[in-house]
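Contents: one structure, followed by commentary.
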Amino acid sequence: MFPYPSGRIHMGHVRNYTMGDVIARYKLATGHNVLHPMGWDAFGLPAENAAMAIGGHPRAWTYQNIDDMKSQMKPLGWSLDWSREFATCDPEYYGQQQALFIDFLEKGLAYRKKSVVNWDPVDHTVLANEQVIDGKGWRSGADVERRELTQWFFRISDFSEELLAAIDDLDNWPAKVKLMQRNWIGKSRGLQFSFDLVDAPQGADAVEVYTTRPDTLMGASFIAISPDHPLARTLEQDRDDIAAFNTDCRRMAATEEAVEKAEKRGFDTGLKARHPLDPAWELPVYIANFVLMDYGTGAIFGSPAHDQRDLDFARKYGLPVIDTFVALDGGKPVENEAFVPPKSEKVKYVARIAGDEVMTGEQAVDAAIAYCESIGVGTGVTKYRLRDWGISRQRFWGCPIPVVHCESCGVVPEKKENLPIELPDDVSFDKPGNPLERHPTWRDCDCPACGKPARRETDTMDTFVDSSWYYARFTSPHAKTPTDPVEVDYWMNVDQYIGGIEHAILHLLYSRFFARAMHICGHLPAKSVEPFEALFTQGMVTHEIYQTRDEKGRAVYHLPEDVEDGKLIKTGEPVEVIPSAKMSKSKKNVVDPINIVRDYGADAARWFVLSDSPPERDVEWTASGADATFRHLGRVWALGERVAGLSEGKGAGDDDLNRAMHKATFAVTQSIETFAFNKAIAALYEFINVLSRSNAGGTMQKQAMRTLAQLMSPFVPHLSEEIWETLGGEGLVAEAAWPAADESLLVEDMVTLPIQVNGKRRSEITVPRDLGREEVEKRALEDNAVQKALAGGTPKKIIVVPGRIVNVVV
RNA sequence: GCGGGCGUGAUGGAAUGGUAGACAUAUCAGACUUAAAAUCUGAAGGCCGAAUGGCCGUGUGGGUUCGACUCCCACCGCCCGCACCA
């Protein structure tokens with residue numbers, strides 16, 4: 001995944017791109033044509049924040065950062081093809097993105113609808129979720145409100161089933177990412193039906209609900225609607241108390257997390273709803289802050305006995321709790337813990353609407369849907385949790401949405417020949433909000449349809465759009481269309497994609513959607529609707545956080561390099577140590593790779609970030625490791641010099657060294673193939689140890705040393721070239737064909753088998769690898785320690801796992 | 001709150017259900033050195049023991065198995081995501 005140009009590369013980048021470089025170099029050595037590009041995910045909030053804080057244009061800040069980061073990257077020796085470099089804020093790139101948007105619009109993949117944003121009532125600006133802290137605007141400190149705006153959306157939800165089904169074929173993606181995406185798409189089967197309202201206000205005679213548990217319908221005890229539900233909006237017009245409650249609910253950040261964590265509150269509207277299966281049964285209708293308008297129908301029925309949230313709500317407002325099913329052993333009536341067994345588990349229904357008395361939740365749901373449909377109460381529907389992708393941002397530093405608002409023609413897409421619609425240079429960031437909106441002339445344009453004066457759309461695109469197709473653009477970064485058909489067909493798909501687990505859902509799902517949309521518009525071949533053949537999610541680089549407090553008690557963070565022995569080096573003030581967290585600029589728990597490269601060299605930095613920790617796991621950065629790596633590489637260099645000086649000839653240890661060489665070749669190859677770089681490095685250490693102590697002849701040692709240089713070269717290319725040259729290798733080691741392991745040399749003739757008695761290791765025997773089972777059993781039983789452990793008893797059973805272990809069961 | 005993941009010596013970690021701790025770091029001892037660093041050799045999970053050796057040990061508690069770090073259940077802790085951070 002390409003980086004955001006923050007201005008400094010960090011250890012996460014070093015880890016990510018060194019992994020990619022190992023793969024790129026290895027693939028090159030095994031005869032592949034490798035495309036290993038680099039670019040910049042260059043739009044986004046930080047550039048605007050910088051413009052606000054230090055003045056200047058976000059563009060200047062961004063390109064300066066790109067220059068800086070590039071110069072920090074180059075010494076690391078990544079085999080990147082810089083000729084394909086681009087930034088998403090290059091008009092050449094975002095102009096093509098605008099062309100894509102227009103294509104999407106034409107194919108009905110983009111549309112406008114009303115949607116909610118975080119609104120800062122003091123700064124009069126839209127806030128990103130990140131800018132909302134504890135429900136308040138980060139600059140103004142004002143309580144954030146929710147506000148409805150008409151915004152642009154991509155129809156990703158039309159692809160829910162396809163995106164879900166295709167996950168099954170992503171064989172080289174981590175299982176956890178696939179599971180997360182499945183859950184995110186959230187396919188469910190349920191019943192959608194209406195509750196008729198008693199004495200309802202005009203135009204609202206029923207409330208439509210969707211439930212995945214229609215089998216609990218006889219346990220319903222209340223209806224809850226979202227504060228944004230049309231009924232709630234109707235009611236608030238005449239009822240001040242309801243208006244106050246709704247307003248209060250809307251004064252909450254719009255994130256699902258905030259909603260779910262907030263105290264569950266409800267307001268009894270006084271309205272009653274008729275139970276669809278029993279007209280005499282009336283249920284209260286509440287407005288509840290935890291019901292989201294975006295999900296289902298924006299209304300639910302509460303079934304407290306079988307949902308913890310509903311139960312808490314029922315207890316709080318004194319509503320009945322009705323068991324609809326109990327555990328097979330009879331169970332107890334629900335008290336303060338809802339009975340929510342897995343849907344696959346059989347339970348006993350005490351208040352059922354259809355099906356048998358004992359059945360699984362799944363069977364009961366199916367039976368309930370079938371029954372309700374048969375009597376005309378609602379229909380069974382499949383729903384997806386996945387919502388359409390809102391891409392409008394009320395911000396400057398993003399790709400302008402290429403449409404025009406015309407009084408006569410409405411919303412009109414810009415003509416492609418007018419692209420790119422470029423961001424203006426003369427903007428100011430002295431006021432909050434989007435400078436495009438208050439720009440004197442930028443908005444003014446002619447309608448592409450009728451030619452009359454019109455206004456440009458001032459919203460820009462979500463930066464996730466930028467990163468949803470850059471991989472395809474790398475195949476022809478300067479094409480006059482989004483992609484070049486020949487190039488994109490030759491290079492796509494991405495054979496190995498590497499990035500952080502934090503992108504498991506949004507970025508990767510959006511990219512999967514985008515590839516499909518691009519295919520529909522003719523910009524990607526059919527084979528590329530899944531653009532990433534293999535995915536690897538690396539762990540983060542973490543570090544302890546050091547903080548002190550200022551006079552107001554606010555946290556002040558300190559760089560690791562300014563702290564020694566738990567004290568600030570400058571003042572001696574003790575620091576509070578907060579456990580390791582992802583390195584981030586704001587917490588200052590960062591180690592600058594540049595310093596590591598300066599002090600120890602690029603090879604040491606590369607080797608160190610890949611050694612020890614498995615790449616998918618977080619790695620905690622410690623200062624001590626880098627120094628040791630540096631010394632180790634020095635020893636390898638010295639070993640190369642020594643071996644180079646040996647005279648040719650045979651020696652006693654030739655066979656052993658040859659065997660070790662082939663074992664190392666096999667292990668390193670396997671480990672690179674499976675992304676186990678830490679194990680590859682361990683295998684290299686082992687081979688280095690064997691070689692440095694070998695009594696093989698000069699010829700064999702030199703061959704071993706050259707092979708070592710080859711095996712190390714993806715990790716430490718600079719040192720490896722040096723050794724390769726010293727040992728008389730031909731050409732560049734980077735261009736030499738990858739060594740092959742002779743598998744016949746990998747197995748030993750004799751094996752040591754541990755002998756267990758009742759699963760406890762008591763002894764071991766060394767036997768020929770292919771010794772027969774009976775003979776192995778015999779020798780195991782003859783063993784002194786085994787005899788002692790048996791203490792005269794007779795074995796009931798002897799388990800022999802050939803080449804592995806013997807277990808004697810008494 | 002919901003979804004996903006992780007948890008092994010002092011430390012990072014290794015281990016197709018088959019000898020737990022490979023490999024490395026830090027540590028300790030020895031060699032070299034006037035000395036230090038570097039380098040080389042070696043030790044090292046805990047407890048008991050002079051020793052052969054024994055017992056315990058992979059977050060906690062259960063379960064499956066001849067055999068569990070590995071599979072299952074529950075719990076604890078930490079991390080990631082939650083749709084406008086990238």
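In what follows, chains are A, B, ... by sequence order, proteins preceding strands, each numbered from 1.
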Check your understanding: Between B:A83, B:C84, B:C80, which nucleotide has the shortest distance from any of its atoms to the side chain of A:Leu386?
Key -> B:A83
Review point. For A:Arg15 and A:Val609, which heavy atoms make the closest approach, and how far apart are they?
Key: NE-O, 3.7 Å
Review point. Is there a donor on the side chain of A:Gln131 or the base of B:C84 sitting less than 3.5 Å from an acceptor on the other?
Key: no
Point to revise | Under 3.5 Å on both distances, the Watson-Crick or G-U partner of B:A86 | key: none
Exercise for review: Check every strand shown and say whether A:Ile799 touches a base, only sugar-phosphate, or nothing at a heavy-atom separation below 4.0 Å.
Suggested key: base
Check your understanding: A:Ile167 has an atom CD1; how far is it from atom C1' of B:G4, in whole Å?
Key -> 13 Å
Exercise for review: Determine the contact category for A:Gln394: base if any of its heavy atoms lies under 4.0 Å from a base atom, sugar-phosphate if only primed atoms, P, OP1 or OP2 are that close, otherwise nothing.
Suggested key: base
Revision key, fill the gap. A:Glu260 CD to B:G81 P, in whole Å, measures 18 Å
Practice item. Hunt down the Watson-Crick or G-U wobble partner of B:G3, both distances under 3.5 Å, from any strand shown, or write none. Key: B:C80
Review point. What is the distance, rounded to the nearest whole Å, between atom CH2 of A:Trp389 and atom P of B:C82?
Key: 14 Å
**Study point:** Interatomic distance at C1', B:U64 relative to B:G46, whole Å
**Key:** 29 Å
Check your understanding: Checking only heavy atoms, does the side chain of A:Glu257 share a donor-acceptor pair with the base of B:C82 at less than 3.5 Å?
Key -> yes
Review point. At under 4.0 Å between heavy atoms, what does A:Arg309 touch on the DNA or RNA strands: base, sugar-phosphate, or nothing?
Key: nothing
Check your understanding: Using atom P of each nucleotide, how far apart are B:U60 and B:U8 to the nearest Å?
Key -> 10 Å
Point to revise | Spacing of the C1' atoms in B:U58 and B:G4 (rounded, Å) | key: 23 Å
Study note, to complete from the structure: Of A:Arg762 and A:Ser392, the one whose nearest nucleotide on RNA chain B sits closer to the 5' end is A:Arg762
Check your understanding: Atom CG of A:Asn689 to atom P of B:U39: distance rounded to whole Å?
Key -> 13 Å
Check your understanding: Would you say the side-chain atoms of A:Gln538 pair up with the backbone N or O of A:Ile498, donor to acceptor, closer than 3.5 Å?
Key -> no
Point to revise | Electrostatic pair A:Lys261-A:Glu257, nearest N-O below 4.0 angstrom | key: yes
Exercise for review: May I ask you to say what A:Pro3 touches in the nucleic acid, namely base, sugar-phosphate or nothing, with a heavy-atom cut-off under 4.0 Å?
Suggested key: nothing
Check your understanding: Whom does B:C75 pair with, Watson-Crick or G-U wobble, provided both distances fall under 3.5 Å?
Key -> B:G59
Check your understanding: Whole Å only: how far is the OH atom of A:Tyr295 from the P atom of B:C82?
Key -> 12 Å
Point to revise | G-U wobble or Watson-Crick pairing nucleotide for B:U64 (cut-off 3.5 Å, both distances) | key: none
Review point. Using atom P of each nucleotide, how far apart are B:C72 and B:U65 to the nearest Å?
Key: 16 Å
Practice item. Between B:A44 and B:A24, how far apart are the P atoms? Round to whole Å, please. Key: 15 Å
Exercise for review: Could you check which of B:A14, B:A86, B:A20 has an atom nearest any side-chain atom of A:Leu506?
Suggested key: B:A86
Exercise for review: Flag the pair A:Asp459 and A:Arg395 as a salt bridge only when some basic side-chain nitrogen lies within less than 4.0 angstrom of an acidic carboxylate oxygen.
Suggested key: no
Point to revise | Salt bridge A:Glu743-A:Lys663, side-chain N to carboxylate O under 4.0 Å | key: no
Review point. With sugar-phosphate meaning primed atoms plus P, OP1 and OP2, does A:Arg385 contact a base, only sugar-phosphate, or nothing at under 4.0 Å between heavy atoms?
Key: base
Check your understanding: Taking the P atom of each, how far is B:G77 from B:G61, in whole Å?
Key -> 16 Å
Practice item. State the syn/anti category of B:G9 according to its glycosidic angle, syn meaning within 90° of 0. Key: syn
Check your understanding: CD1 of A:Ile9 versus C1' of B:A86: gap in Å, rounded?
Key -> 17 Å
Practice item. Using Watson-Crick or G-U wobble geometry with both distances below 3.5 Å, tell me the partner of B:A43, or none. Key: B:U27
Practice item. Would you classify A:Phe464 as touching base, sugar-phosphate or nothing, given that sugar-phosphate means primed atoms plus P, OP1 and OP2, and contacts are heavy atoms under 4.0 Å? Key: base
Check your understanding: Heavy atoms under 4.0 Å, any strand shown: does A:Lys679 hit a base, just sugar-phosphate, or nothing?
Key -> sugar-phosphate
Review point. Which nucleotide, B:A22, B:A86, B:G13, lies nearest any side-chain atom of A:Glu686?
Key: B:A22
Exercise for review: Would you indicate what A:His503 reaches in the nucleic acid, counting non-hydrogen atoms under 4.0 angstrom: base, sugar-phosphate, or nothing?
Suggested key: base
Exercise for review: State which of B:C84, B:G4, B:C85 makes the closest approach to the side chain of A:Leu45.
Suggested key: B:C85
Study note, to complete from the structure: From NE2 of A:His13 across to P of B:A86 the rounded distance in Å is 14 Å
Practice item. For A:Gln756, report the nucleic acid contact type (base, sugar-phosphate, nothing); a contact means any heavy atom under 4.0 Å. Key: base
Review point. Salt bridge or not for A:Asp627 and A:Arg631, using N-O below 4.0 Å?
Key: yes
Point to revise | A:Met180, nearest nucleotide to its side chain (from B:U41, B:G13, B:G3) | key: B:G3
Exercise for review: Could you check A:Ser611 against A:Lys264 and say which one's nearest nucleotide on RNA chain B is further toward the 5' end?
Suggested key: A:Lys264
Review point. Which value, in whole Å, describes the distance between the C1' atoms of nucleotides B:C32 and B:A51?
Key: 34 Å
Check your understanding: According to the Watson-Crick and G-U wobble definitions, with both distances under 3.5 Å, which nucleotide is paired to B:G53?
Key -> B:C48
Exercise for review: Output yes when A:Lys264 and A:Asp312 qualify as a salt bridge under the 4.0 Å nitrogen-oxygen rule, no when they do not.
Suggested key: no
Practice item. For the side chain of A:Ile501, starting at C-beta, report the closest nucleotide among B:U41, B:G18, B:C80. Key: B:C80
Exercise for review: Answer with base, sugar-phosphate or nothing: what part of the nucleic acid does A:Gly390 contact at a heavy-atom distance below 4.0 Å?
Suggested key: sugar-phosphate
Practice item. For nucleotides B:G9 and B:C23, find the distance between their C1' atoms and express it as a whole number of Å. Key: 14 Å
Review point. So what does A:Gln151 touch, heavy atoms closer than 4.0 Å: a base, only the sugar-phosphate, or nothing?
Key: base
Exercise for review: Select one nucleotide: of B:U19, B:U25, B:C56, the one nearest the side-chain heavy atoms of A:Lys760.
Suggested key: B:C56
**Study point:** Sidechain N-carboxylate O distance under 4.0 Å for A:Arg385, A:Glu256
**Key:** yes
**Study point:** Among B:U25, B:G13, B:A83, the nucleotide that comes nearest once only the side chain of A:Pro614 is considered
**Key:** B:G13
**Study point:** Nearest-nucleotide pick for A:Asn807, side chain only, options being B:G18, B:U25, B:G7
**Key:** B:G18
Practice item. State whether A:Asp228 and A:Arg146 are salt-bridged, where the test is any N-O pair (Lys NZ or Arg NE/NH1/NH2 against Asp/Glu carboxylate O) under 4.0 Å. Key: yes
**Study point:** Cation over ring face, A:Arg309 and A:Phe290, 6.0 Å, 45°
**Key:** no
Check your understanding: Atom NZ of A:Lys187 to atom C1' of B:G3: distance rounded to whole Å?
Key -> 19 Å
Point to revise | Sugar-phosphate, base or nothing in reach of A:Lys176, heavy atoms under 4.0 Å | key: sugar-phosphate
Exercise for review: Tell me what A:Val117 touches on the nucleic acid: a base, only sugar-phosphate, or nothing, going by heavy atoms under 4.0 Å.
Suggested key: base
